[in-house]
Amino acid sequence: EWFTISSIDVGLEGDVMAMAISNDANFLYAGTFEGRLYRISNIALAYDYARADVESPYCVIATAEIELIDPATGLPNTQTITSIAVDPQDPNTVVVTCGNYGNSNYVYASANGTADNASFQSIQGGLPQMPVYSSLIEMSTGMCIIGTEMGVYECQDIGAGTIVWNPSQGITGKVPVYDLVQQVVRQPEINIPYWDGVDTTIVT
């Protein structure tokens, strides 16, 4: 079965371009082509049509818009939202990236994404001003990784007073990176012995 958990009738307007769900499956964030960001809450409590579908008078799911304010202009964001990442360890930590050319800020983060008064701040830091297409928050360290117009960049701590982005382009080089995917199944370390013709080496 499929249920309509949000629609223009409950406040979600625009063409959705990016979505991400929290690890507890309770919060879904949606970003639009027009640059608007929405949080759809209480999904984990919706077990059937009565609780889940917006057409039901007993629906428990709520849709709220969260404003992204561009600090360069002081106005609401109008850049297309290209990706959203939720910290697997904390549903309050959310990263949103934006596209388009000729702007000052392309990456935003929140430390209170599930709160009624949720807010996002630019974490552009020293990142070159260019479209950012993809993002993820690493499940063990909380490091943020983004795919940009010019390759992959990493930030060790998006909550730091000074945001530092380091290029991590490796063999990919400075190419557009439209998607990032993390293997989220934790695996124990495996020691694999192999013969290199001279000595037996253990690789972890």
Side-chain angles (χ1 to χ4, degrees), residues 6 11-23 27-41 63-139 141-168 176-180 182:
S6 189
L12 195 157
E13 298 184 25
D15 300 307
V16 174
M17 301 294 290
M19 293 190 296
I21 195 164
S22 61
N23 206 35
F27 300 95
L28 174 69
Y29 296 86
T32 72
F33 178 83
E34 296 79 9
R36 301 173 75 172
L37 177 67
Y38 297 90
R39 183 190 64 219
I40 303 166
S41 308
T63 297
E65 183 173 2
I66 303 173
E67 263 195 346
L68 291 182
I69 301 298
D70 184 344
T73 64
L75 299 173
N77 175 62
T78 57
Q79 296 166 246
T80 297
I81 294 178
T82 52
S83 78
I84 304 171
V86 184
D87 188 338
Q89 301 184 70
D90 180 8
N92 280 295
T93 302
V94 185
V95 169
V96 172
T97 66
C98 299
N100 306 107
Y101 295 96
N103 295 280
S104 300
N105 295 279
Y106 289 87
V107 193
Y108 294 83
S110 175
N112 66 341
T114 66
D116 290 340
N117 61 341
S119 60
F120 281 75
Q121 290 76 41
S122 170
I123 55 168
Q124 183 74 19
L127 184 72
Q129 293 172 336
M130 59 185 168
V132 179
Y133 302 118
S134 52
S135 59
L136 66 81
I137 300 176
E138 205 281 322
M139 66 180 187
T141 65
M143 175 177 64
C144 183
I145 306 170
I146 57 174
T148 76
E149 179 84 351
M150 297 291 286
V152 175
Y153 283 76
E154 301 173 354
C155 178
Q156 296 293 330
D157 183 4
I158 58 174
T162 301
I163 300 297
V164 178
W165 292 100
N166 294 306
S168 178
V177 177
Y178 295 109
D179 197 14
L180 294 168
Q182 178 174 211

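The shown structure was predicted, so the numbers you read here are calculated from the model rather than taken from an experiment.
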Quiz item: If you take all heavy atoms of Pro91 and Val86, which pair is closest and at what distance?
Solution: CA-CG1, 3.9 Å

Quiz item: Do you know the tightest heavy-atom contact between Met17 and Thr80?
Solution: CG-CG2, 4.1 Å

Quiz item: Rounded to the nearest 0.5 Å, how far does CD1 of Ile158 lie from CD of Gln121?
Solution: 10.5 Å

Quiz item: Do the side chains of Ile69 and Pro76 get nearer than 4.5 Å, heavy atoms only?
Solution: yes

Self-check item: N/O donor-acceptor pair under 3.5 Å between Gln89 side chain and Met139 backbone
Solution: yes

Quiz item: Counting only N and O atoms by type, is there a donor-acceptor contact under 3.5 Å from the side chain of Arg39 to the main-chain atoms of Phe27?
Solution: no

Quiz item: If you round to the nearest 0.5 Å, how far is CD1 of Ile21 from CG of Leu28?
Solution: 5.5 Å

Quiz item: Name the one of Thr78, Asn103, Asn105, Asn77 that satisfies side-chain hydrogen bond (donor to acceptor under 3.5 Å, both in side chains) with Asp70?
Solution: Asn105

Quiz prompt | Donor + acceptor pair across side chains of Ser135, Thr97 (<3.5 Å) | solution = no

Quiz prompt | Nearest-0.5 Å distance, CH2 of residue Trp165 to CD1 of residue Ile123 | solution = 4.5 Å

Quiz item: When rounded to the nearest 0.5 angstrom, what distance separates OG1 in Thr82 from CG in Asp179?
Solution: 11.0 Å

Quiz item: At their closest point, which heavy atom of Thr32 faces which heavy atom of Glu13, and how far apart are they?
Solution: CG2-O, 3.6 Å

Quiz item: Roughly how far, to the nearest 0.5 Å, is the SG atom of Cys144 from the CG atom of Leu136?
Solution: 7.0 Å

Practice problem: Could you tell me whether the side chains of Gln129 and Tyr106 share a donor-acceptor contact shorter than 3.5 Å? | Solution: no

Quiz item: Quick one: does Gln79's side chain have a donor or acceptor within less than 3.5 Å of a partner on Gly99's backbone?
Solution: yes

Quiz item: How about Ser83 and Ser134: does a side-chain donor come under 3.5 Å of a side-chain acceptor?
Solution: no

Quiz item: Asp15 and Glu34: which non-hydrogen atoms are nearest, and at how many Å?
Solution: N-OE1, 3.1 Å

Self-check item: Donor-acceptor pair, side chain of Ser110 and main chain of Ser119, under 3.5 angstrom
Solution: yes

Practice problem: Looking only at non-hydrogen atoms, find the nearest pair between Gly11 and Tyr38 and report the distance. | Solution: O-CE2, 3.1 Å

Quiz item: Counting only heavy atoms not in Met130, do more than 12 fall under 6.0 Å of its CE?
Solution: yes

Self-check item: Gap separating the CD1 atom of Ile163 from the CG atom of Asp157, nearest 0.5 angstrom
Solution: 7.0 Å

Exercise. Provide the closest heavy-atom pair for Tyr153 versus Pro128 in the form atom of the first, atom of the second, distance.
Key: OH-CG, 4.0 Å

